[in-house]
Protein chains: 2
Amino acid sequence: MTKARQATLAILRDAQEPLCAAAVLERIGVCCDQVTVYRSLHFLEENGLADSFILHCAEHGTERYYTAVDSLKDGYSGHHHWFHCEMCHRFLDLGDCQLHTLVAGYEAAHQITVKSHTLYFTGICADCQIQGH
Amino acid sequence: MTKARQATLAILRDAQEPLCAAAVLERIGVCCDQVTVYRSLHFLEENGLADSFILHCAEHGTERYYTAVDSLKDGYSGHHHWFHCEMCHRFLDLGDCQLHTLVAGYEAAHQITVKSHTLYFTGICADCQIQGH
DNA sequence: GCATGAATTGCAAATCATTTGCATATTTTT
DNA sequence: AAAAATATGCAAATGATTTGCAATTCATGC
Ligand SMILES: [Mn+2]
Ligand SMILES: [Mn+2]
Ligand SMILES: [Zn+2]
Ligand SMILES: [Zn+2]
């Protein structure tokens, strides 16, 4: 793990929400170049240290968001799913993946091997609901 | 519904799998311009006639894939989820959305309103599994 | 049918997140 | 330390998608 990769991973771990490359860049300062951040994010994901999903929202366009993968504990997959508020654009952590049974069912029913899945939710968060608008 | 929009919707309905804009263009012929296809796809999605998700695969890069939404029947959400084979790049229809209970749980637990979700799976399909490689 | 304002389309050009080429710098191996 | 392998920085390219704008088509009332 080079300095750039460690710094990138640390930023993902500290963040309370998925970050796009631009957000990582904001936080990484002069440590390294933009391209290195992209390459570090790839590296982290390829090595199982980060997860990503691509989300399109009207305000921010299409961007890939990264999270650090939790260290694996009993019964936990290590990867979370997220809710994105269309109003305040914050992410809410919905906790560890709950799709194990569903995935197993699909694998059995279709004789496929599911290696990964992407799941996220969008809507209105509790705060924005109260504020009405 | 203009001619271009109808043609676009017909193509999505005929397809046995999610199509990216480029795939729709291939099939739509001289009927209309590329930009009109993009705009038609937006229109269809905004009006609840199509669904989309963004998928990144090494071979084809990042693209948005569209499907026609089923007409709603009892107990069916109208939108399906899909499995994408990393090897042959085909999509497999996993059927109607099974996340209702999960979504309701999240809404109750976090006082959020979930308006939509994105879910798809990737891995190796039955055919590619047999062929080994 | 025809006038009129609204919505849609085509074409060219712009956007913008992400990727790539390549020379330099850093790390690892022998 | 030299050689080989890997990572980085910078500039330029990529490519799906979007936008501006003028021309066309559509809708609606007369
Ligand atoms: Mn957003
Ligand atoms: Mn593919
Ligand atoms: Zn919110
Ligand atoms: Zn396959």
Side-chain angles (χ1 to χ4, degrees), chain A residues 1-12 15 17-67 84 89 91 118 120 122, chain B residues 1-12 15 17-67 84 89 91 118 120 122:
Chain A
M1 287 271 287
T2 66
K3 196 172 68 171
R5 288 167 179 179
Q6 280 178 327
T8 304
L9 181 55
I11 286 169
L12 294 184
E17 54 178 2
L19 301 179
C20 62
V24 173
L25 269 167
E26 274 177 15
R27 295 160 204 225
I28 212 164
V30 294
C31 157
C32 63
D33 187 76
Q34 185 181 35
V35 178
T36 303
V37 167
Y38 277 104
R39 289 197 270 230
S40 295
L41 290 169
H42 288 168
F43 172 87
L44 294 173
E45 186 164 26
E46 237 170 44
N47 290 77
L49 298 165
D51 256 351
S52 80
F53 58 91
I54 299 168
L55 181 144
H56 178 94
C57 96
E59 186 150 334
H60 302 97
T62 301
E63 285 178 310
R64 190 160 187 162
Y65 289 83
Y66 292 83
T67 57
H84 181 69
H89 301 277
F91 284 94
T118 295
Y120 59 79
T122 64
Chain B
M1 285 272 287
T2 66
K3 198 171 69 173
R5 288 167 179 176
Q6 280 178 328
T8 305
L9 182 55
I11 287 168
L12 293 184
E17 55 178 1
L19 300 180
C20 62
V24 173
L25 270 167
E26 272 177 16
R27 295 159 206 226
I28 212 163
V30 293
C31 156
C32 64
D33 187 77
Q34 185 181 36
V35 178
T36 301
V37 167
Y38 276 105
R39 291 197 270 230
S40 294
L41 290 169
H42 287 166
F43 171 88
L44 294 173
E45 186 164 27
E46 239 170 42
N47 290 79
L49 297 165
D51 257 351
S52 81
F53 58 91
I54 300 168
L55 181 145
H56 178 95
C57 97
E59 186 151 334
H60 302 97
T62 302
E63 283 177 311
R64 190 160 187 163
Y65 289 84
Y66 292 84
T67 57
H84 181 69
H89 300 278
F91 283 94
T118 296
Y120 59 79
T122 65

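Naming: A, B, ... by sequence-line order, numbering from 1 per chain. Side chains are part of it too, since the values below use all heavy atoms of this structure and drop only hydrogens, waters and symmetry mates.
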Give me the atom names and distance for the closest heavy-atom approach of Val37(A) to Ala21(A). CG1-O, 4.3 Å

With a 6.0 Å cut-off on the ring centroids, do Tyr65(B) and Tyr120(B) count as close? no

Using atom types as modelled and distance alone, determine if a side-chain donor or acceptor of Asp33(A) lies under 3.5 Å from a backbone N or O of Val35(A). yes

Heavy atoms of Leu12(B) and Ala50(B) approach each other most closely as CD1-CB, 3.9 Å

Kindly assign one of parallel, tilted or perpendicular to the pair Phe91(B) and His84(B), based on the angle between their ring planes and the thresholds 30° and 60°. tilted

Any donor-acceptor N/O pair, Glu45(B) side chain to Ser52(B) backbone, under 3.5 Å: yes

Nearest whole Å is fine: how far is dT8(C) P from Gln6(B) CD? 13 Å

Measure all distances between protein nitrogen or oxygen atoms and nitrogen or oxygen atoms of nucleotides 5-7 of chain D, and list the pairs falling under 3.5 Å.
| unit_1 | atom_1 | unit_2 | atom_2 | d |
| --- | --- | --- | --- | --- |
| dA7(D) | OP1 | Arg5(A) | NH1 | 2.8 |
| dA7(D) | OP1 | Arg5(A) | NH2 | 3.2 |

Nearest atoms (heavy-atom pairs only) where Ile28(A) meets Ala4(A): CD1-O, 4.3 Å

Atom CG of Asp33(A) to atom C1' of dT24(C): distance rounded to whole Å? 13 Å

Lys3(A) NZ to dA25(C) P, straight-line distance once rounded to whole Å: 15 Å

Nearest-Å distance, CG (Leu25(A)) to C1' (dC16(C))? 14 Å

Check nucleotides 16-22 of chain D against the protein and report each pair of N or O atoms closer than 3.5 Å, with its distance, or say if there are none.
| unit_1 | atom_1 | unit_2 | atom_2 | d |
| --- | --- | --- | --- | --- |
| dT17(D) | OP1 | Arg64(B) | N | 3.0 |
| dT17(D) | OP2 | Tyr38(B) | OH | 2.9 |
| dT18(D) | OP2 | His42(B) | NE2 | 2.9 |

Taking all heavy atoms of His60(B) and all of Glu63(B), pick out the closest pair and write down the distance. O-OE1, 3.7 Å

